[in-house]
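Some notes on the structure that comes next.
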Amino acid sequence: MTNDRRHDDRRPDRLAATTAAQRYQRGFFDDLRAHAAAGGEFALVNADTPHEILRTMGIPYVVNQWWASIVAAKQRAAGYLERLRERGYPDDIEQYNAAPLGGMFAPDPDADPWGGLPQPSLVLAETTGDATRKVFDVWAEEFPGTEFVALESAAAHDVPTHWWELMPWHWEDAVGTDRIDLLVGELTGLIRRLEDRTGRRFSESRFREVMALANEQAEYNRRTRDLIAAARPCPVDVPANVPAVMLPQWHRGTGYARDAARALQDEVADRVSAGAAVCRPERARLMWIGRGLWFDMGFYERFRREYGAVFVWSMYLAIAADGYARYGDDPLRALAARFAAFSDQLYTPPWSTEWYLKEARAHGVDGVVHLVSDDARGGYFTTRALEDAGIPVLELHADNVDPRTTDRATMTRTVAEWLEHRVLPDGPGV
């Protein structure tokens with residue numbers, strides 16, 4: 001790679017919204033560890049499950065994928081996965097879901113990130129496949145006192161076009177009555193189970209407040225996404241905005257999370273008004289499709305520094321903008337509609353392919369880097385749809401938390417060569 005001295009290596013100041021979110025999350029986790037140490041119950045939940053039920057009932061929870069990202073960023077994921085292998089479990093399947101489980105075997109509070117994850121009393125996950133289901137079965141099998149509650153992953157024959165336009169108000173048409181009925185029944189059972197287990201009561205009036213706050217948060221995220229999409233050059237790139245979006249997302253349904261989303265929108269709006277730029281000159285606008293590359297947090301910035309290539313899009317802000325808002329008179333049914341087709345929106349064509357293409361065009365991207373793991377979930381169709389539309393796509397085959405599946409030098413070289421030969425109109429720069 002050639003160091004292009006025309007590019008300003010000084011990043012704009014880090015987002016205040018990101019700093020605030022990280023500070024809040026650390027305090028939250030410290031409080032949760034103290035709560036667990038005192039015998040309090042808490043849940044470990046997957047990202048695509050209805051957290052709002054737990055929020056309504058005041059049951060603390062940790063998101064499995066968030067913890068996996070912390071583990072990977074602290075370079076502990078490989079060791080945690082090897083602990084699974086030592087106990088006879090595979091360490092090369094569903095690493096994103098499995099790494100936190102591996103950390104529970106032979107925990108070391110002095111070495112584990114943030115003192116380590118306490119043993120949860122409840123694990124809640126959607127079962128998107130046999131391997132995923134088994135990962136969460138092991139929690140209950142290996143750790144007495146931990147209960148696993150599984151939610152079904154349903155499919156539908158009918159696929160809506162432009163689902164992002166239908167979802168806020170016309171979600172019944174978009175998702176389908178049968179799928180929503182199934183999840184409503186499961187959520188009703190979950191509520192009863194939690195009431196019996198904890199002695200807490202589910203309040204519908206409180207639930208309505210949680211849903212209203214989550215919808216407000218989604219609207220602020222939509223405005224932030226639209227500001228970034230329209231701005232030329234990019235005022236806030238992917239590594240800067242993901243923590244500010246996703247950490248509050250795990251507190252969805254609270255005044256804090258709503259206010260954090262509003263603060264992010266205001267900060268981005270100020271940057272747009274001031275003409276702020278992540279990079280000058282901005283030589284290429286890139287889209288990152290796939291989960292965050294948590295074991296290599298400097299990946300995205302390397303190409304900004306060397307090539308003036310800015311990652312302007314990831315699914316995290318985009319799905320926060322298009323995937324969560326649900327309005328209607330029946331809040332439980334609206335919540336079911338929020339998650340019954342959540343995986344479809346990200347991974348199932350043509351749901352996902354139409355959305356990615358819409359987002360690529362709105363953000364004016366010059367190329368797409370597509371992280372494809374072993375559970376590709378429609379990855380081929382995503383790449384083909386974008387390439388057919390004339391947008392260059394580079395597929396990186398690696399797991400997002402497991403550094404054993406690739407190496408930094410190879411990934412960096414692969415992206416650099418793709419940029420030079422397919423994306424940048426005048427080569428690497430001088």
Side-chain angles (χ1 to χ4, degrees), residues 14-15 18-38 40-47 51 60-87 89 91-92 94-125 135-136 138-139 142-143 146 238-240 242-251 260 291-301 316 373 398-408:
R14 294 288 182 179
L15 288 170
T18 295
T19 301
Q22 290 170 332
R23 184 184 302 116
Y24 185 93
Q25 187 71 4
R26 185 59 187 263
F28 155 79
F29 192 74
D30 288 345
D31 290 345
L32 181 134
R33 283 180 47 81
H35 170 81
E41 293 202 351
F42 84 97
L44 180 79
V45 300
N46 249 16
H51 310 166
Y61 62 86
V62 169
V63 176
N64 188 48
Q65 285 77 13
W66 166 73
W67 184 244
S69 74
I70 295 295
V71 166
K74 299 296 184 181
Q75 306 303 310
R76 299 286 290 173
Y80 284 9
L81 291 166
E82 287 164 6
R83 291 182 195 175
L84 292 175
R85 176 66 67 182
E86 292 168 0
R87 297 190 66 89
Y89 298 113
D91 64 346
D92 57 354
E94 289 286 343
Q95 293 99 311
Y96 201 20
N97 286 313
L101 173 65
M104 298 303 294
F105 298 115
D108 182 357
D110 292 330
D112 291 339
W114 296 10
L117 179 71
Q119 180 182 331
S121 48
L122 176 77
V123 174
L124 180 65
V135 168
F136 295 102
V138 172
W139 281 94
E142 291 276 4
F143 303 103
T146 296
V238 165
V242 166
V245 173
M246 294 312 297
L247 293 178
Q249 190 70 269
W250 310 140
H251 300 275
R291 300 155 174 168
L293 194 65
W294 304 127
F295 69 81
D296 185 3
M297 299 300 290
F299 173 87
Y300 309 98
E301 294 186 18
Y316 295 101
S373 56
D399 184 85
N400 73 311
V401 299
D402 188 352
R404 303 171 304 171
T405 61
T406 187
D407 66 87
R408 182 178 300 181

Show the nearest heavy-atom pair for residues [X] and [Y], with the distance to one decimal.
| X | Y | value |
| --- | --- | --- |
| Pro243 | Pro248 | O-CD, 3.7 Å |
| Glu301 | Pro239 | CG-CG, 4.0 Å |
| Gly103 | Arg83 | O-NH1, 3.3 Å |
| Asp402 | Asp399 | N-OD2, 3.1 Å |
| Trp139 | Leu44 | CZ2-CD2, 3.4 Å |

Set of residues satisfying side chain to side chain donor-acceptor pair (under 3.5 Å) with respect to [X], sequence neighbours excluded:
| X | result |
| --- | --- |
| Thr406 | none |
| Asn400 | none |
| Arg76 | Asp112 |
| Arg23 | none |

Report the C-alpha distance between Ser69 and Arg291 in whole Å, list the side-chain angles of each, state the deciding distance to 0.1 Å, and finish with yes or no for side-chain contact (heavy atoms from CB on, under 4.5 Å).
-> CA-CA 10 Å; Ser69 74; Arg291 300 155 174 168; over 6 Å; no

Residue list, side chain to side chain contact (heavy atoms under 4.5 Å, CB included) with [X], at least two apart or on another chain:
| X | value |
| --- | --- |
| Ser121 | Glu41, Arg197 |
| Ala72 | Ala77, Trp294, Phe295, Val401 |
| Val238 | Val242, Phe311, Ser314 |

Spatial distance of atom [atom1] ([X]) from atom [atom2] ([Y]) [nearest 0.5 Å]:
| X | Y | atom1 | atom2 | value |
| --- | --- | --- | --- | --- |
| Ile70 | Arg26 | CD1 | CZ | 9.0 Å |
| Thr19 | Arg14 | OG1 | CZ | 8.5 Å |
| Leu84 | Gln95 | CG | CD | 10.0 Å |
| Met297 | Tyr300 | CE | OH | 7.5 Å |

Hey, are the side chains of [X] and [Y] touching, using non-hydrogen atoms and a 4.5 Å cut-off?
| X | Y | answer |
| --- | --- | --- |
| His251 | Tyr24 | yes |
| Pro118 | Phe42 | yes |
| Arg408 | Phe299 | no |
| Gln25 | Met246 | no |

For residues 60-68, run the donor-acceptor check on the side chains, cut-off 3.5 Å, and write out each pair with its distance to 0.1 Å, sequence neighbours left out.
unit_1, atom_1, unit_2, atom_2, d
Tyr61, OH, Arg55, NH2, 2.8
Tyr61, OH, Trp250, O, 2.9
Asn64, ND2, Asn46, OD1, 3.4
Asn64, ND2, Asn97, O, 3.3
Gln65, OE1, Ala47, N, 2.9
Gln65, NE2, Asn46, OD1, 3.0
Gln65, NE2, Asn97, OD1, 2.8

Please step through side-chain contact (heavy atoms from CB on, under 4.5 Å) for the pair Glu86 and Asp91, ending with a clear verdict.
-> CA-CA 9 Å; Glu86 292 168 0; Asp91 64 346; over 6 Å; no

Under 3.5 Å: donor-acceptor pair, side chain of Tyr80, backbone of Met104 = no

Set of ring pair (Phe, Tyr, Trp, His ring centres under 6.0 Å) partners for Phe105, sequence neighbours left out | Phe143

So which pairs with a foot in residues 96-105 pass salt bridge (Lys or Arg N to Asp or Glu O under 4.0 Å), sequence neighbours left out?
-> none

Could you pull out all residues at least two apart from Glu142 that satisfy salt bridge (Lys or Arg N to Asp or Glu O under 4.0 Å)?
-> Arg87

Could you go step by step and tell me if His51 and Leu124 meet the side-chain contact (heavy atoms from CB on, under 4.5 Å) rule?
-> CA-CA 9 Å; His51 310 166; Leu124 180 65; 5.9 Å; no

Would you tabulate the side-chain donor-acceptor contacts of residues 27-34 under 3.5 Å, counting partners in other chains and residues two or more places apart, or write 'none'?
unit_1, atom_1, unit_2, atom_2, d
Arg33, NH1, Gly115, O, 3.0
Arg33, NH1, Gly116, O, 2.7

